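Just below is one structure, and these are the notes that go with it.
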Amino acid sequence: MKVIVLGAGLLGVTSAYFLRQQGHDVTVIDRQASPAAETSFANGGQISVSHAEPWANPSAPLKVLKWLGKEDAPLLFRIRADMRQWLWGLQFMRECTPARTRHNIEQIVRLGTYSRDMLQALRRDTGIEYDQRTQGILHFYTSQKEFEGAEGPAAQMRELGCDRRVISADEAVALEPALRHIRPQLAGATYTAEDESGDANRFARELVARCRSDGVQFLMSHTVTALREAGGSIDHVEATDAEGRFQRVRGDAYVLAMGSLSPLLASPLGIRLPIYPAKGYSVTMPVKDASMAHQVSLTDDEYKLVFSRLGDRLRIAGTAELNGYDRDLNRVRCEAIVRRTEELFPGAGDSEQAQFWTGLRPATPSNVPIIGRSKISNLFLNTGHGTLGWTHACGSGKSIARIVSGLAPEVDFAFTGLLARAGAFKGVELPA
Ligand SMILES: Cc1cc2nc3c(=O)[nH]c(=O)nc-3n(C[C@H](O)[C@H](O)[C@H](O)COP(=O)(O)OP(=O)(O)OC[C@H]3O[C@@H](n4cnc5c(N)ncnc54)[C@H](O)[C@@H]3O)c2cc1C
């Protein structure tokens with residue numbers, strides 16, 4: 001089968017790899033000159049099955065209200081005259097009940113565990129290197145109340161097979177001595193030994209090289225302008241290249257993996273994807289004093305920041321701003337991240353050489369991605385991965401490749417469009 005993958009971010013590239021493994025003739029189209037150049041460019045680097053609590057949880061509504069208008073808030077709604085933003089906000093509130101939160105955590109952990117296994121298998125099969133580290137993820141708390149609140153979700157994750165252990169502040173410092181500087185402020189931590197980290201952009205570029213040598217075609221610098229339907233299926237996509245030349249690209253099946261831009265191409269087909277861009281920031285700086293720098297990938301609960309060690313670089317990422325497709329760098333937010341890094345690991349990184357970046361997470365209200373068949377028979381979706389697109393990339397890519405190939409996915413997850421298939425895992429229908 002000829003399969004056209006739309007988007008060469010983490011989700012498009014992993015879809016292409018697994019589709020090729022299934023024996024398909026695969027072409028990937030992306031508007032950028034190189035792969036993983038948008039949201040998959042400089043993320044937090046965590047493969048964090050343990051990071052399964054969605055933003056939408058019972059404590060979120062109060063926090064969001066408290067943070068309204070606060071420039072350095074971890075999660076900031078900038079209220080706009082934008083119907084999509086308002087609808088998304090309402091759906092987000094609906095996901096904040098305890099029952100919905102539990103359900104969403106379950107989905108996220110199941111896909112995450114499977115995905116981490118698929119990443120490890122891919123690494124064994126291809127031998128690719130991407131500054132990966134397999135030293136786990138340590139989530140530390142500076143508030144006693146938040147630390148106590150972590151026990152419930154951690155216990156639920158353990159029940160689901162993700163071994164997120166609650167540990168004391170001293171155990172946290174023993175695991176990551178660079179935390180010694182803030183030992184007096186530490187209330188406690190959780191540690192998930194099986195979690196990992198690595199440079200997602202490097203991973204995607206290495207995987208593209210592998211795909212190319214296996215015969216996958218990449219039409220880079222091609223902007224997709226429309227998906228054209230005829231008789232209930234996609235007939236072709238329309239694209240323009242860097243010189244503005246128009247092209248029609250035809251396939252038997254199409255996988256939509258355009259991150260936060262996916263809803264814009266799906267909506268003319270009557271497919272409303274509940275995805276809204278959630279802008280995040282990252283800072284990358286060279287290690288200056290290795291004795292002060294962390295090795296283990298960390299999550300700072302108070303500031304909602306993640307810290308990964310990528311070779312001789314420190315990557316710090318986080319915060320979310322719901323403000324449409326704006327990607328401007330806000331100095332207040334950049335400085336807040338550098339200040340917090342200095343506070344935690346004084347002198348560890350060279351902040352003079354810090355590189356700042358923003359990316360738009362393709363966020364669904366529940367943080368559960370949309371993977372599966374759409375209401376158009378040959379259009380498949382692999383999008384809406386929000387805060388966890390790196391963690392979920394390999395599991396989502398392999399699952400969509402199996403679904404396109406008519407095979408049942410290997411993980412019990414709410415895939416779209418599979419509800420009617422007897423014997424398949426339960427799926428959900430997209431809102432009309
Ligand atoms: C600050 C930050 C930190 C993060 N940290 C982590 C983390 O630690 N762990 C984790 O698991 N996840 C993390 N994430 C989330 C993760 O990075 C994303 O979920 C993931 O990158 C989304 O990948 P994607 O392929 O869906 O989207 P993208 O990477 O945006 O890919 C979409 C592709 O579609 C292309 N495209 C769009 N429109 C068109 C068009 N019209 N024509 C042609 N091409 C088009 C784009 O060029 C792009 O290459 C983080 C995100 C951010 C912003």
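Every number for a ligand or one of its atoms is a count from 1 in the order of the listing. Start at 1 with the first residue, then count along the sequence. Predicted model only: the values in this text are computed from it and were never measured.
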Atom indices of ligand 1, in the order listed, that fall short of 4.0 Å to a heavy atom of [X]:
X: Gly280; value: 1 (C)
X: Gly9; value: 25 (O), 29 (O), 31 (O), 33 (C), 49 (O)
X: Gly359; value: 53 (C)
X: Leu388; value: 10 (C), 11 (O), 12 (N)
X: Ser40; value: 20 (C), 21 (O), 23 (O), 25 (O), 28 (P), 29 (O)
X: Gly7; value: 33 (C), 34 (O)
X: Ala257; value: 32 (C)

Any heavy atom of Ser260 under 4.0 Å from ligand 1? The part involved is neither

Contact region, His222 to ligand 1, non-hydrogen atoms below 4.0 Å, reads backbone

Test: [X] and [Y] ion pair at under 4.0 Å:
X: Arg313; Y: Asp199; answer: yes
X: Arg158; Y: Glu151; answer: yes
X: Arg340; Y: Glu343; answer: yes

Of Lys398, Arg123, His392, the one forming a side-chain contact (heavy atoms from CB on, under 4.5 Å) with Met118 is Lys398

Going by the closest heavy atom to [atom], which one wins out of [options]?
atom: atom 33 (C) of ligand 1; options: Val13, Asp30, Ile29; value: Asp30
atom: atom 14 (N) of ligand 1; options: Thr319, Leu6, Thr391, Thr387; value: Thr387
atom: atom 37 (C) of ligand 1; options: Leu264, Ile316, Leu261; value: Leu261

Can you classify the ring geometry of [X] versus [Y] as parallel (below 30°), tilted (30 to 60°) or perpendicular (above 60°)?
X: Phe203; Y: Tyr130; value: perpendicular
X: Trp88; Y: Tyr276; value: tilted
X: Phe77; Y: Phe92; value: perpendicular

Is there a heavy atom in [X] that sits closer than 4.0 Å to ligand 1?
X: Ser48; value: no
X: Gly386; value: yes
X: Ala37; value: no

Between [X] and [Y], is any pair of side-chain heavy atoms under 4.5 Å apart?
X: Thr391; Y: Arg116; answer: no
X: Arg102; Y: Gln156; answer: yes
X: Glu95; Y: Thr101; answer: no

- Message: Strictly distance-based, threshold 3.5 Å: is any side-chain N or O of Thr225 a donor or acceptor partner for the main-chain N or O of Glu238?
- Response: yes

Okay, side chain of Asn367, backbone of Thr387: is any donor-acceptor separation there less than 3.5 Å?
yes

Backbone or side chain, does any N or O of [X] fall under 3.5 Å from an N or O of ligand 1?
X: Gln32; answer: no
X: Leu10; answer: yes
X: Gly389; answer: yes
X: Tyr281; answer: no

So which heavy atom in the protein is nearest [atom], and how far is it from that ligand atom?
atom: atom 44 (N) of ligand 1; value: Arg31 N, 3.0 Å
atom: atom 42 (N) of ligand 1; value: Val224 N, 2.8 Å
atom: atom 8 (O) of ligand 1; value: Gln46 N, 3.0 Å
atom: atom 24 (P) of ligand 1; value: Leu11 CD2, 3.9 Å
atom: atom 51 (C) of ligand 1; value: Arg361 CG, 3.6 Å
atom: atom 17 (O) of ligand 1; value: Asn43 ND2, 3.0 Å
atom: atom 27 (O) of ligand 1; value: Gly259 CA, 3.5 Å
atom: atom 30 (O) of ligand 1; value: Thr39 OG1, 3.1 Å

With sequence neighbours left out, the residues meeting salt bridge (charged side-chain N to carboxylate O under 4.0 Å, His left out) with Lys288 are none

Less than 6.0 Å separating the ring centroids of His181 and Phe345? no

Checklist entry - Do we see a donor-acceptor contact under 3.5 Å between the side chains of Asp195 and Ser50? => result yes

- Item | Pi-cation contact, Phe356 with Arg331 (under 6.0 Å, within 45°) | yes

